[in-house]
Amino acid sequence: MATDTLKSTTGASGASAVRRLLLDNGALTALIALVIAMSALSGDFLTTDNLLNIGVQAAVTAILAFGVTFVIVSAGIDLSVGSVAALSATVLAWMATSEGVPVWIAVILAVATGMACGLVNGVLISYGKLPPFIATLAMLSVGRGLSLVISQGSPIAFPESVSHLGDTLGGWLPVPVLVMVVMGLITALILGRTYIGRSMYAIGGNEEAARLSGLRVKRQKLAIYALSGLFAAAAGIVLASRLSSAQPQAAQGYELDAIAAVVIGGASLAGGTGKASGTLIGALILAVLRNGLNLLSVSAFWQQVVIGVVIALAVLLDTLRRKAGATPVAAGTGAPGGRGKQAATYIIAAVVAAAIVGAMSFLHNGSSSSATKKVGLSLSTLNNPFFVQIKSGAQQEAKKLGVDLTVTDAQNDASQQANQLQNFTSSGLGSIIVNPVDSDAAGPAVRSANKAGIPVVGVDRGVNKADTAALVASDNIAGGKLGAKAMAEKLGGKGKIVILQGLAGTSASRERGAGFAEGLKAYPGIEVVARQPADFDRTKGLDVMTNLLQAHPDIQGVFAENDEMALGAVKALGSKAGTSVSVIGFDGEPDGLKAVKDGTMYASVAQQPKELGRIAVENALNAAEGKKVEQTVMVPVKVVTKENVAGFGG
């Protein structure tokens, strides 16, 4: 039965001892090197606020990863933890708000939901003989689907009493960090001091030998996956508390971060090794990396490349360590004082890192720059031409005004955007521009900026329950009404249409939909036969439209709340687009305008995204300098058809 503790088979002294220390603590070495590098490269990295931000940003991944550690140690895999986290948080919010269940009961039900999902995974794997990959992949889909069904695709406000989990104690110590530490200690206790913990190592080392030794492997696996589900539920509750809302699409992809954290921390996917401290270090490496890259203004596209490379290097270092002569020690047979040596290693590492980082901080103290001219722009996604144009307009204006503009891509992840906004706040920028993934979820992070005295400007979408110096946006309600009028006139006042809705929770989707519905009231002959969300995404627009055509083949019109979904619908309609079916989009992006010119789209309610970006930067700089800015700046929209597309300059 193997454990996570690896000891060298040969003695060493002097330089060899240092080399051995580094190799035997690969993840810790990588973390120290990363912290030192970020401290040297950015004067904003080594501040109390930023270090606390890193702890908060690591918390959800770490808690998920602690649960995944149990599974990986036992040679399993759990791909469902992100979906289970979202489902558990959604159950809590739904039960406590819509159903009026007492909050403490709702919390218990949320935790029970996570454990139930884990038990189902365990049953499928132990008794159904499904491979862990397949069983948990199925639960990933089921969990996410149930979360969307319960919430109807929209965020649900989180109970105020539970939302305090996302706050701070004493005004400075984040509660998510405390929860992470507690869950880490519980993980270490289970792995090192309990029967189930020893069973995990035995099953991971050799499942057949464990069974022949008398372990009830099937029952143990039920407990292992139930623990993973419990930790996922805890992570989901902490995440929703940070965002003050349960997001049905929350924690997408987090299962991969959790697995990466466990592996970076020294665990083997083959099973038999792994520890809580290693998992924590792995989660911190990912958090430090993302935080530092934000502070260094590294392109959002390159960030993904860098993170992937660092993960590969961290695991490669662990492989080199094993090849250098380290061998696993059987549980309970480690060298005397092994735990003490490990603790001493961590203490020495902390002292060395603190000394070097302190020196870096001293060097940065001499540098000075005008924070007023520094502006951060957090976009909901850069996987959409409309937001790329906002970025382009903002960068052009920033260059003209001499503003140092940092642009980040939230990748339609509300929690990732919250992290980016916190990073901006701790960097002491002059002002922040935010295009929210979700108007409610952005509120807590914007309120933190408010407390720090940093003005925030919203662009394209508003922020709820927080103060913004200005909102620069198109008049989405008026645009929706224009879209309804154009559709009705094209169809002669009667016909069947479908509506493709945008990302649930965003003000743009709500306002465009409300404006379109209001405009249709004047045309009772127009019948809306279906409304389906496609999340502002072209591929989803294609899939949703393809499905809707099976149920409603006789439609005459499609209104999509952005051009990307409209273009997906055009693809699904094929030869019908522009002939028997009229498609109207919203945004006026280049591909959309080309489709209008070609006749496959009837019209687009065109915005001016570059102008949105330009005006946002102008207002952000004015707000930072204390100048008066308008609370709301509406950029006009117009319906662009084949007749006037040539004269529209955007």
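Small disclaimer: the values here were computed from a predicted structure and weren't measured.
Residues in residues 252-270 take part in these salt bridge (charged side-chain N to carboxylate O under 4.0 Å, His left out) pairs, two or more places apart or across chains: D257-R290. The ring pair (Phe, Tyr, Trp, His ring centres under 6.0 Å) contacts involving residues 256-284 comprise nothing, where partners must be two or more places apart or lie in separate chains. Residue pairs meeting the side-chain hydrogen bond (donor to acceptor under 3.5 Å, both in side chains) criterion with at least one partner in residues 173-192, sequence neighbours excluded, do not occur; the list is empty.
Judged as a side chain to side chain contact (heavy atoms under 4.5 Å, CB included), and not counting sequence neighbours, the contacts of T381 are N383, N384, F387, D409, N412. Qualifying side-chain hydrogen bond (donor to acceptor under 3.5 Å, both in side chains) partners for T90, counting only residues two or more places apart in sequence or in other chains: S147. For the side-chain hydrogen bond (donor to acceptor under 3.5 Å, both in side chains) test, residues two or more places apart in sequence or in another chain that qualify with T406 are S297. The side chain to side chain contact (heavy atoms under 4.5 Å, CB included) test applied to D167 returns H164, not counting sequence neighbours. Remark: N50 engages F45, T47, N53, I54, N291, L295, N423, S426 in a side chain to side chain contact (heavy atoms under 4.5 Å, CB included) (not counting sequence neighbours). Under the rule for a side-chain hydrogen bond (donor to acceptor under 3.5 Å, both in side chains), the partners of Q249 that lie at least two apart in sequence or sit in another chain are Q252. Under the side-chain hydrogen bond (donor to acceptor under 3.5 Å, both in side chains) criterion, S415 pairs with Y254, D413, not counting sequence neighbours. For the side chain to side chain contact (heavy atoms under 4.5 Å, CB included) test, residues two or more places apart in sequence or in another chain that qualify with A466 are V446, R447, N450, V463.
Minimum interatomic distance between S431 and I454 (heavy atoms only, all atoms of both residues): CA-CG2, 3.7 Å. Listed here is the closest heavy atom pair of T273 and G266: OG1-O, 3.9 Å. The two atoms that bring G236 and A89 nearest to each other are O-CB, 3.5 Å, heavy atoms only. The two residues I432 and A449 make their nearest non-hydrogen contact at CD1-CB, 4.2 Å. Considering all non-hydrogen atoms of both residues, G292 and M38 come closest at CA-SD, 3.7 Å. L421 approaches A442 most closely through the heavy-atom pair CD1-O, 4.5 Å.
Using a distance-only test at 3.5 Å, with no hydrogens or angles considered, no donor-acceptor pair links the side chain of S74 to the main chain of M200. Side-chain N or O atoms of T168 include none that pairs as donor or acceptor with a backbone N or O of P174 at under 3.5 Å. Under the 3.5 Å distance criterion, the side-chain polar atoms of S245 are left unmatched by any main-chain donor or acceptor of Q247. At least one donor-acceptor pair closer than 3.5 Å links the side chain of T279 to the backbone N or O of K275. In terms of modelled atom types and a separation under 3.5 Å, the side chain of S241 and the main chain of V162 share a donor-acceptor contact. Side chain of R144 to main chain of P248: a donor-acceptor pair is present (N/O by atom type, distance under 3.5 Å, no hydrogens or angles).
A distance of 12.5 Å separates CG in L405 from NZ in K373, rounded to the nearest 0.5 Å. Note: L256 CG to L286 CG = 11.0 Å, rounded to the nearest 0.5 Å. Of the inter-residue distances, the one linking I285 atom CD1 with I264 atom CD1 reads 5.5 Å to the nearest 0.5 angstrom. The CZ atom of F158 sits 6.5 Å away from atom OG of S163, with the distance rounded to the nearest 0.5 Å. Atoms CZ and OG1, on F424 and T408 in that order, are 4.0 Å from each other to the nearest 0.5 Å. Note that CG of L79 and CD1 of I77 are 6.0 Å apart. Values are rounded to the nearest 0.5 Å.
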Apply side-chain contact (heavy atoms from CB on, under 4.5 Å) to residues T69 and L191 and explain how you reach the verdict. CA-CA 9 Å; T69 302; L191 287 173; 4.0 Å; yes
Chi angles and distances behind the side-chain contact (heavy atoms from CB on, under 4.5 Å) call for S80, L137: CA-CA 6 Å; S80 68; L137 182 64; over 6 Å; no
Indicate every side-chain donor-acceptor pair of residues 220-231 with a distance under 3.5 Å to a residue at least two apart or in another chain.
unit_1: K221; atom_1: NZ; unit_2: E207; atom_2: OE1; d: 3.1
unit_1: K221; atom_1: NZ; unit_2: E207; atom_2: OE2; d: 3.3
unit_1: S228; atom_1: OG; unit_2: D78; atom_2: OD2; d: 2.8

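With contacts defined as side-chain heavy-atom distances shorter than 4.5 Å, the pair V84/M139 qualifies. Side-chain contact check for L293 versus W302: every heavy-atom pair is 4.5 Å or farther apart.
Inspection of the R242 and Q57 side chains reveals no N or O donor paired with an N or O acceptor under 3.5 Å. Under the 3.5 Å distance criterion, with hydrogens and angles disregarded, no donor-acceptor pair is assigned to the side chains of S448 and T425.
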